[in-house]
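Worksheet: one structure, shown below.
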Amino acid sequence: AKPVNLAAPSVVDPAEAVAKALKAYPAWTSTSLYARAECLDRLADLMEENRSTLMALAVQEAKKTIPDALSEVREAIDFCRYYSARAIADLVPVELPGPTGERNVLRHEGRGVWVAIAPWNFPLAIFLGQVAAALVAGNTVVAKPAPQTPAIAAFAVSLAHQAGVPVDALQLVTGAGDVGAQLTADVRISGVVFTGSVPTAKAIARNLLLDDARPLVPLIAETGGLNAMIVDSTALSEQVVRDVIISGFQSAGQRCSALRVLLLQEDIADYTLEMLRGAMDCLNIGDPANPATDIGPVIDQASYDRLMAYRQSVKDRIFHSVAVPPKGLFVPPTVIRLDDLDQLQTEWFGPLVHVATWKAGTLEATVQRVNAKGFGGFEIDCKLESGGILNWQFGSSHPTENPRHKVGDTPLERGAIEGQFGQTGGVVAPPVPPSAPDALRRRPVGVFDSGVGGLTVLHELLVQLPNEDFV
């Protein structure tokens, strides 16, 4: 990748940033919904024009492989197009029924200043997803990227300003956790959107409640989990192994959707694991800027030290691992045996997959054990009578009729959509009202291309960002 400027953005005082965003709020929220949506579409166009620079930033700053960097940029573009389209579909004023002589209108208006705190593992896509949703809903934003990835966020903000978002309506503040704490403690903010760890989300929630005189502030938090894949004896082992490699090890396992627990039916466990061993040995670990690389390093020294210390603590249970370059923050892709699911109590954010087995006839009990971990997000692989493969993912917003599936299930045809353990493909542009400007009605349809089936929750995020106002 061509070297890019990774110089840290200029330091902005958090309190000053909030003040500027608050001052800019009345004008921005008064801007028409269509104009705000057009800003997001122009931002998407600018990212397409600057794709190579954004990819280079993702490779050099976030240590992403080239395919991961490309997917990152595509996802960020689709976030902008998706929120633009959904805003036009969902946030336009709605005439409500009423008695003769009375006019009732439901309007969505901005809340005020939102603080957006983004993670380092998707430093462009999640960062802009948070920002775009808040902006198009009529809010101004103070955005804080992770301290590991400020440069790509700064470049994205500069593109947003080029696209027509007023400079004061979108402020960038960089720094570590103390800066985030200062922002969330500011009584002038009207909401927080956060992606990161469970402990940090809890700390933010506590911070928002410290002042008893402060109104309740909405917090939208996406945190980690223990994603599991449950495989029965009818599954095609080749496809199971492919999914394990993609989900468990791609992006060095640094995704909230990454596979953490592989639960194999005893009858096929040995065969599947031997096939997995062979597939792991084919992985190319190295420089993420090399097109031949499958898996790059982890994000920083702290992550490396934490993951390597854990590997050392479970060295007697390692089934297989892969050799890595001697220099660099390369954590070996590793499969770790579990005698019992209770041996895994926390998420290890790296290329570490844990494997356990279950007996035929105990699927119900196995699902209950996964549910008892307190996290949503698992997949069942089984073969259908027609010869196809069906993945059920638990953790989506879809309803379910099966009481054991506590957090919902989504049947997905493998090959068409690979969902949480591969890539998700889906049309993201809903119908646009006839009253919308021509530029919006000519909007290209985007395809959401990421490692997690995130479109199931994007609509719910968007409608929480504005206030409802009845007139």
Side-chain angles (χ1 to χ4, degrees), residues 63-72 121-122 225-232 235-265 268-288 290-298 307 311 318-325 330-338 344 347-357 377-383 389 391 393 412 414-425 449-453:
K63 301 180 176 65
K64 289 182 174 285
T65 61
I66 292 173
D68 281 351
L70 176 59
S71 294
E72 174 95 5
N121 62 330
F122 286 94
L226 294 176
N227 300 310
M229 182 190 297
I230 302 175
V231 184
D232 78 2
L236 297 179
S237 295
E238 294 85 354
Q239 292 185 333
V240 171
V241 168
R242 181 197 63 180
D243 277 6
V244 172
I245 293 292
I246 292 173
S247 180
F249 302 133
Q250 189 173 323
S251 305
Q254 298 173 121
R255 292 179 171 180
C256 57
S257 60
L259 176 64
R260 307 300 180 198
V261 186
L262 175 62
L263 296 166
L264 299 170
Q265 188 174 326
I268 47 88
D270 291 342
Y271 174 77
T272 303
L273 287 174
E274 284 306 310
M275 187 177 292
L276 178 59
R277 184 201 299 269
M280 290 173 66
D281 288 339
C282 293
L283 292 172
N284 188 355
I285 294 93
D287 180 3
N290 185 339
T293 296
D294 296 311
I295 299 171
V298 295
L307 291 166
R311 284 184 79 255
I318 291 178
F319 166 76
H320 189 58
S321 66
V322 180
V324 298
F330 297 100
V331 174
T334 305
V335 173
I336 302 166
R337 286 189 181 273
L338 297 176
L344 184 62
E347 179 182 30
W348 294 97
F349 209 70
L352 310 178
V353 174
H354 302 78
V355 61
T357 60
F378 65 88
E379 172 188 89
I380 297 178
D381 273 15
C382 60
K383 188 175 181 180
I389 295 292
N391 297 340
Q393 292 178 60
L412 300 174
R414 182 180 305 275
I417 302 178
E418 290 183 36
Q420 187 160 348
F421 299 101
Q423 291 192 334
T424 301
D449 184 13
S450 74
V452 59

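Heavy atoms only: backbone and side chains are in, while hydrogens, waters and symmetry mates are out. Residues take their numbers from the sequence shown, with the count starting at 1.
Panel note: side chain N284, backbone D294; no donor-acceptor pair is recorded below 3.5 Å. Between the side chain of N227 and the main chain of C256, a donor-acceptor pair closer than 3.5 Å is present. When atom types are taken as modelled, the side chain of T293 and the backbone of P288 share no donor-acceptor pair closer than 3.5 angstrom.
For F330, there are no ring pair (Phe, Tyr, Trp, His ring centres under 6.0 Å) partners, not counting sequence neighbours. Residues forming a side-chain hydrogen bond (donor to acceptor under 3.5 Å, both in side chains) with S321 (at least two apart in sequence, or on another chain): none. Scored by the side-chain hydrogen bond (donor to acceptor under 3.5 Å, both in side chains) test, S237 finds T272 as partners (sequence neighbours excluded). In this structure, E238 has no side-chain hydrogen bond (donor to acceptor under 3.5 Å, both in side chains) partners at least two apart in sequence or on a different chain. Listed by chain and residue number, R311 satisfy the side-chain hydrogen bond (donor to acceptor under 3.5 Å, both in side chains) test with T334 (two or more places apart in sequence, or in another chain). Contacts of R337 classified as salt bridge (charged side-chain N to carboxylate O under 4.0 Å, His left out), with partners at least two apart in sequence or in another chain: none.
Annotation for G253 and A258: closest pair O-CB, 3.7 Å, computed over non-hydrogen atoms. Closest heavy-atom contact between I336 and L352: CD1-CB, 4.4 Å. The two residues K64 and N121 come nearest to each other via the heavy atoms NZ-O, 2.7 Å. Between A269 and T357, the shortest heavy-atom contact is CB-CG2, 3.8 Å. The minimum heavy-atom distance linking V261 with L259 is given by the pair O-CD1, 3.2 Å. Taking each heavy atom of P325 and G286 in turn, the nearest pair found is CG-CA, 4.2 Å.
L226 contributes atom CG, which lies 8.0 Å from atom CZ of R260 (distance to the nearest 0.5 angstrom). Rounding to the nearest 0.5 Å places CG of L263 at 12.0 Å from CG of D232. Atom-to-atom distance recorded for N290:CG and I285:CD1 is 12.5 Å, nearest 0.5 angstrom. Atom CG of L276 sits about 6.0 Å away from atom CZ of F249, to the nearest 0.5 Å. The distance from the CZ atom of R242 to the CD1 atom of I245 is 11.5 Å, given to the nearest 0.5 Å.
Residues L273 and R277 form no side-chain contact, since every pair of their non-hydrogen atoms from C-beta on lies 4.5 Å or further apart. V324 has its side chain within reach of P333: a pair of non-hydrogen atoms, C-beta onward, lies under 4.5 Å apart.
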F319 vs H354, side chain to side chain contact (heavy atoms under 4.5 Å, CB included): CA-CA, chis, key distance, verdict: CA-CA 9 Å; F319 166 76; H354 302 78; over 6 Å; no
Steps toward side chain to side chain contact (heavy atoms under 4.5 Å, CB included) verdict (V240, M275): CA-CA 10 Å; V240 171; M275 187 177 292; over 6 Å; no
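Partner of D68 under the side chain to side chain donor-acceptor pair (under 3.5 Å) criterion, out of Q250, Q254, K63: Q250 alone.
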